[in-house]
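Notes follow once the structure below has been shown.
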Amino acid sequence: MTIAVRTLDDGAWISVNDSRQVSVSDVWTLSRGVFCDCEPAYVLLEGFFDVDVDGSVVAASTVGQCLECGTRDSIDRLPVGRMIDGKFSPYDPAGVQWLREPDAERDGESS
Amino acid sequence: MASDVEEWKDELYGTDIRAEIERFAEEGWESIPDDEQDAWFERFKWYGLYHQRAGQESYFMMRIGPPGGVLAPGQFRRIVEIADEFSRGPAENPVFGNGWIDVTTRQAIQLHWIRLEDVPEIFEQLEDVGLSTVQACGDSWRNIVGCPVAGKDKHEHVDADALATDLHDTFKKNEAHSNLPRKWKVSVTGCDEGCGQGDINDLAFEPAEKEIDGETVTGYNVRVGGGLSRNEPRLARDIDVFATPEQAVDVAGGISALFRDHGDREDRYNARIKFLVDEWGPEKLRETLQDDYVDFELETAGEDLREDYSYNAGDADGKHDHVGVHEQNDGNYYVGLNVLVGRIGVDEAYDLADAAEEHGSGEVRLTQRQNIIFTDVPEENLETLRSEPVLEHYSPDPHPFQRGSIACTGTEFCSLSIVETKNRQVRYARWLTQNVELPEGVEDFHIHLSGCTASCAQPQIADVSLRGMKTRKDGEPVEALDIGLGGGLGENPQFASWVTERVPADEVPGAIANLLENFAAERDDETQSFREFVLERDDEELADLVEPEETDYEDPYLHNTKRTWYPYAEDDDLDASPAPARADGTPIPSDD
């Protein structure tokens with residue numbers, strides 16, 4: 001099944017199948033080393049600049065800033081949710097995330 | 001590869017969108033197929049309609065853009081009537097009620113909670129008085145900004161109103177310029193005070209003189225590639241071109257066409273012309289303009305008036321806005337009224353329309369500081385105008401903290417914003433007015449609050465710049481602000497330096513109070529302006545002067561206002577949203 005994903009409104013949204021699903025300005029929790037040395041890193045997403053789908057996982061490329069140490073950087077392919085039975089199920093930003101490698105077999109997920 | 005937006009624009013854009021809006025309005029919100037919503041919402045922007053954020057589906061923001069902010073007699077009242085009838089939401093704002101107009105930093109007016117089904121009727125009512133929403137948003141010529149008192153100003157060097165109107169008439173609904181790679185913001189300044197804010201626009205016309213064939217000609221120097229958004233602020237760059245008033249429209253058309261053909265259509269984040277100027281440099285831009293886009297020899301730049309610019313120039317005795325009573329070039333007066341954060345409730349807006357008609361010509365002008373101006377007030381009417389009750393709140397002589405406050409839309413309606421802005425800035429201004437004494441001789445102090453890096457409140461050109469952020473406080477994420485200092489325009493414009501980041505929003509008033517106390521204690525003398533004081537210090541020294549602290553200021557919006565359907569609703573949970581709704585306001589049930 002084809003999944004249509006795109007960024008919208010100057011990077012404010014990830015749209016999945018023509019529905020605005022993931023918004024900027026949430027704080028995502030990332031494991032140490034993924035973004036900065038904070039453990040965990042609380043990263044405010046400031047804008048999406050790309051999105052793609054790998055299997056069932058929707059991954060966004062974004063710019064963020066760590067709320068503790070202030071590191072501002074881009075994040076490639078942050079898993080933001082997955083398709084389950086044809087419906088998008090967003091991950092909880094507060095769950096600890098790690099970045100999905102392009103060739104990884106395991107889906108990104110929150111824990 | 002072209003972006004989705006470019007593909008949608010290729011399929012249908014410009015004036016063809018109007019018929020589709022009317023079709024959807026006739027058939028109702030639910031007639032927009034789910035899988036076409038992204039495309040239609042993108043196109044609707046060209047007609048000034050912006051779909052509101054999550055939790056507010058089926059409601060739109062509508063933007064009306066009068067060139068130079070000039071609303072002819074009757075136009076302001078018509079907008080108020082439209083707001084009264086059509087701009088009412090499902091919940092009240094605790095500060096502003098339900099039903100208002102927002103004056104923007106680009107001399108436009110925004111209405112919220114507009115239903116698609118009402119749009120054709122609103123378009124008719126606007127057109128009936130000569131107003132339009134065309135190209136107020138979207139990838140094209142946006143509202144042309146400029147001196148808000150153009151044509152009536154004693155400081156005028158060249159008639160900016162005439163050029164702004166010419167540009168508006170030429171490039172609105174102009175098929176050759178309808179579909180640009182990105183938004184296109186144009187400013188025309190005609191005065192020697194520099195109030196058109198050209199430096200932060202894509203294309204700026206600034207007053208200049210040039211000796212041509214032995215005669216001194218007044219006209220415009222041209223600058224290109226300014227803008228504030230996305231952590232990539234740029235000042236417009238001098239491309240060494242002088243345009244006579246007769247040439248200015250052709251020069252503008254040439255640069256717009258150059259942008260149309262050479263701007264980046266593959267990456268929207270790299271699409272604004274500021275990035276093309278970065279890549280090419282002003283010399284190549286001028287050369288391409290000359291070779292391919294104009295059919296006459298461009299003049300080199302003339303002598304500008306920038307050293308006289310006083311508007312927001314950071315001088316202790318400079319003119320910083322248009323608030324107050326000022327004599328026009330015809331002996332009448334214009335009266336600038338302060339509109340705190342740009343928002344006027346419908347009832348008071350009617351009173352203001354009455355006052356403008358009774359005491360002036362009825363013309364109302366909008367400024368880039370979110371204020372309004374009554375023009376053509378005879379001297380003998382000034383006293384009775386000033387005694388109007390509505391001027392107690394919309395004052396020509398406001399406290400500096402009220403006068404200097406600007407705020408963008410924020411999470412109340414905007415998808416991009418990280419924090420609540422307008423209500424918060426009202427609370428800040430009130431607390432500062434009641435609790436903080438400005439240092440001796442400081443009569444203007446600009447505090448701009450922008451909810452995100454899009455910078456709609458133009459934070460980088462304020463004395464104190466506030467930008468939406470988040471932080472963690474007591475283990476919980478809370479709304480926060482980055483604090484920048486020392487921005488402004490003038491002969492040597494300066495962007496604020498972000499010296500303190502991620503200050504919890506409830507500690508910001510305390511930070512400003514401490515900063516001002518430190519400024520008063522450490523400034524050279526009472527003639528030193530805040531901007532001069534900031535320029536003398538590095539970021540580290542400045543950061544030490546900002547001491548965030550909790551005070552008796554209370555902030556009701558510290559929680560994640562973006563995660564609400566409306567931050568002020570009694571039950572603000574996204575699941576409690578009454579949207580989407582049909583034209584009569586009844587919620588449309590979900591398919592799930």
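Computed from a predicted model, the values in this text were never measured in an experiment. Order of the sequence lines sets the chain letters (A, B, ...), proteins ahead of strands, with each chain counted from 1.
In terms of non-hydrogen atom pairs under 4.5 Å with chain A, the most contact-rich of Glu36(B), Arg472(B), Gln37(B) is Arg472(B). Your options are Val27(A), Val24(A), Asp26(A), and the one with the most heavy-atom pairs under 4.5 Å with chain B is Asp26(A). By number of non-hydrogen pairs under 4.5 angstrom with chain B, the leading residue of Asp10(A), Thr7(A), Leu8(A) is Asp10(A).
Proximity to chain B involves both the backbone and the side chain of Glu68(A), based on heavy atoms less than 4.5 angstrom apart. Residue Thr411(B): no heavy atom, backbone or side chain, is found under 4.5 Å from chain A. Within the 4.5 angstrom heavy-atom criterion, only side-chain atoms of Thr453(B), from C-beta onward, approach chain A. For a residue to count as touching a neighbouring chain, one of its non-hydrogen atoms must lie under 4.5 Å from one of that chain's; by this rule Asp4(B) touches chain A with the side chain only. Heavy-atom distances place no part of Glu57(B) under 4.5 Å from chain A, backbone and side chain included. Using a 4.5 Å cut-off between heavy atoms, Lys562(B) contacts chain A through its side chain alone, with no backbone atom that close.
At distances below 3.5 Å, at least one donor-acceptor pair connects side-chain atoms of Asn17(A) with backbone N or O atoms of Ala4(A). Under the 3.5 Å distance criterion, the side-chain polar atoms of Thr62(A) are matched with a main-chain donor or acceptor of Gly47(A).
The side-chain heavy atoms of Met469(B) and Glu46(A), taken from C-beta on, include a pair separated by under 4.5 Å. At least one side-chain heavy atom of Trp565(B) sits less than 4.5 Å from a side-chain heavy atom of Pro578(B). Taking 4.5 Å as the limit, every side-chain heavy atom of Val419(B) sits out of range of all side-chain heavy atoms of Thr561(B).
Using modelled atom types and a 3.5 Å distance limit, the side chains of Ser140(B) and Gln135(B) yield a donor-acceptor pair.
Partner of Asp139(B) under the salt bridge (Lys or Arg N to Asp or Glu O under 4.0 Å) criterion, out of Arg272(B), Arg43(B), Arg268(B), Lys45(B): Arg268(B) alone.
For the atom pair CZ of Arg502(B) and CG of Asp482(B), the computed distance is 7.0 Å after rounding to the nearest 0.5 Å.
Note on ring orientation: taking the six-membered ring where Trp is involved, the planes of Phe259(B) and Trp184(B) are parallel (angle under 30°, cut-offs 30° and 60°).
For residues 35-43 of chain A, the interface with chain B (any heavy-atom pair closer than 4.5 Å) comprises Tyr42(A), sorted by residue number.
When the ring pair (Phe, Tyr, Trp, His ring centres under 6.0 Å) test is applied to Trp40(B), the partners found at least two apart in sequence or on another chain are Phe24(B).
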